[in-house]
Amino acid sequence: MALSTQNLIAQKFLETLGTNSTEIDKKIGQADTFMNAVKELIDLCGDNPERDGLEETPYRVLKAFLEYTEGYREDPKTHLEKTFDVNHNELVLIRDIEFHSMCEHHFAPFFGVAHVGYIPDKKITGLSKIARTVEGYAKRFQVQERLTNEIADAIEEVLEPKGVMVIIEAKHMCMCGRGIKKSSASTATSSIRGTFMEKPEVRGEFLSLLQRQM
């Protein structure tokens, strides 16, 4: 590994691991192993990992994967702990929260939007905190079903609402760009808790608002 690349990797791990030199050294060793494996993969696929254009690709891939998985280096539900004293006990709905995630089966991207609604009991959080929570769980190796449930679990645990409902709509490159190659296919998943499960009219309000043009 070139010294300049090693320094860049060390700086990246310093940002997340602080001054724990033993742990940083371990991560640098793992990074070196990973980048060598990427070179082998390039060769296996039929190209020259040393040619111009591919020479720095192993480091770029490493850097990209560390960005794709930033959610492992935080507890996303802590974003929800910032609450406000607001007297509101009707639906709060945040639509079209864009996200990008990584399928854990093929390491292929999947991306789309999350719609998150809750009926407050005593706690209301900032709208951006919901989006940050979605982002935190999305930036991990994921499946869409788990991602949907993790967002709902976090809101239910921290805000203790009367009900929470999460719908995610996404396109999966492991299905659209490889394998069966159905480029128009999309996937919807839902997680429905509390009042939304118990009262069809409340669930209907959520779904009706999703269909309105803003």
Side-chain angles (χ1 to χ4, degrees), residues 1-77 79 96-114 131-151 168-189:
M1 188 191 326
L3 184 59
S4 59
T5 301
Q6 188 177 44
N7 289 340
L8 287 170
I9 293 170
Q11 181 60 43
K12 185 70 176 177
F13 290 129
L14 272 170
E15 293 171 6
T16 56
L17 299 174
T19 57
N20 187 336
S21 59
T22 302
E23 190 66 19
I24 290 172
D25 288 344
K26 175 185 174 183
K27 294 292 186 182
I28 289 173
Q30 290 174 323
D32 196 24
T33 300
F34 173 81
M35 289 189 292
N36 285 329
V38 174
K39 287 183 180 180
E40 291 293 327
L41 177 63
I42 294 170
D43 183 62
L44 177 65
C45 290
D47 212 323
N48 176 12
E50 303 299 332
R51 74 166 172 82
D52 184 45
L54 285 175
E55 188 176 8
E56 296 182 13
T57 294
Y59 172 66
R60 294 191 189 104
V61 174
L62 171 65
K63 186 178 177 183
F65 266 83
L66 291 174
E67 181 180 341
Y68 298 152
T69 58
E70 285 176 342
Y72 286 120
R73 294 177 283 284
E74 66 165 316
D75 182 355
K77 68 175 177 285
H79 294 296
D96 300 319
I97 303 170
E98 296 179 2
F99 72 90
H100 291 78
S101 192
M102 183 71 68
C103 166
E104 66 184 37
H105 300 141
H106 301 96
F107 283 0
F110 71 94
F111 56 90
V113 293
R132 290 184 186 279
T133 301
V134 171
E135 184 83 351
Y137 287 116
K139 286 200 166 185
R140 300 179 175 192
F141 300 129
Q142 277 287 13
V143 294
Q144 185 172 329
E145 297 87 343
R146 184 195 303 123
L147 175 59
T148 308
N149 284 327
E150 285 180 336
I151 296 165
I168 289 181
E169 302 172 279
K171 293 181 76 72
H172 292 248
M173 291 301 99
C174 58
M175 180 179 179
C176 298
R178 60 160 299 281
I180 197 168
K181 296 179 182 175
K182 298 301 182 183
S183 59
S184 298
S186 62
T187 301
T189 49

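Computed from a predicted model, the values in this text were never measured in an experiment.
Between M102 and P109, the shortest heavy-atom contact is SD-N, 4.1 Å. Between P58 and E55 the shortest heavy-atom distance is CD-O, 3.7 Å. Annotation for A138 and L147: closest pair N-CD1, 3.6 Å, computed over non-hydrogen atoms. For the residue pair D47 and P49, the shortest heavy atom distance occurs at O-CD, 3.4 Å. Smallest separation of non-hydrogen atoms from A185 and C176: O-SG, 3.6 Å. Between P76 and T133, the shortest heavy-atom contact is O-OG1, 3.5 Å.
Here the CG-OH distance, from N149 to Y137, works out to 11.5 Å after rounding to the nearest 0.5 Å. Separating the NZ atom in K63 from the CE atom in M35 is a distance of 12.5 Å, to the nearest 0.5 Å. Taken from CZ in R140 to CZ in R73, the straight-line distance is 10.5 Å, to the nearest 0.5 Å. Taken from OG1 in T57 to CZ in R51, the straight-line distance is 8.0 Å, to the nearest 0.5 Å.
Residues passing the salt bridge (Lys or Arg N to Asp or Glu O under 4.0 Å) test with D43: none are found, sequence neighbours excluded. When the salt bridge (Lys or Arg N to Asp or Glu O under 4.0 Å) test is applied to E74, no partner is found at least two apart in sequence or on another chain. Listed by chain and number, the residues in a salt bridge (Lys or Arg N to Asp or Glu O under 4.0 Å) with K77 are D75 (sequence neighbours excluded).
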Carefully, step by step, assess V38 and R60 under the rule side-chain contact (heavy atoms from CB on, under 4.5 Å). CA-CA 10 Å; V38 174; R60 294 191 189 104; over 6 Å; no
F107 and Y68: CA distance, side-chain angles, deciding distance, side-chain contact (heavy atoms from CB on, under 4.5 Å) verdict: CA-CA 10 Å; F107 283 0; Y68 298 152; over 6 Å; no
M173 vs F111, side-chain contact (heavy atoms from CB on, under 4.5 Å): CA-CA, chis, key distance, verdict: CA-CA 9 Å; M173 291 301 99; F111 56 90; 3.8 Å; yes
Chi angles and distances behind the side-chain contact (heavy atoms from CB on, under 4.5 Å) call for F110, I168: CA-CA 11 Å; F110 71 94; I168 289 181; 5.8 Å; no
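T187 and Q144 share no donor-acceptor pair across their side chains, judged by distance under 3.5 Å alone.
The shortest distance between side-chain heavy atoms of E135 and H79 does not fall below 4.5 Å.
Sparse packing is recorded around CD of E56, with 12 or fewer heavy atoms of other residues, nucleotides or ligands lying under 6.0 Å away. When the shell of 6.0 Å around CZ of R132 is examined, it contains 12 or fewer heavy atoms from other residues, nucleotides or ligands. Atom CD of Q30 sits in a crowded spot, with more than 12 heavy atoms from other residues, nucleotides or ligands closer than 6.0 Å. The neighbour count for F141 CZ, taken as heavy atoms of other residues, nucleotides or ligands under 6.0 Å away, is above 12.
The backbone N or O of I28 lies less than 3.5 Å from no partner atom in the side chain of D32, so there is not a single donor-acceptor pair. Looking at K39, its side chain never comes within 3.5 Å of a backbone N or O of E50 through a donor-acceptor pair.
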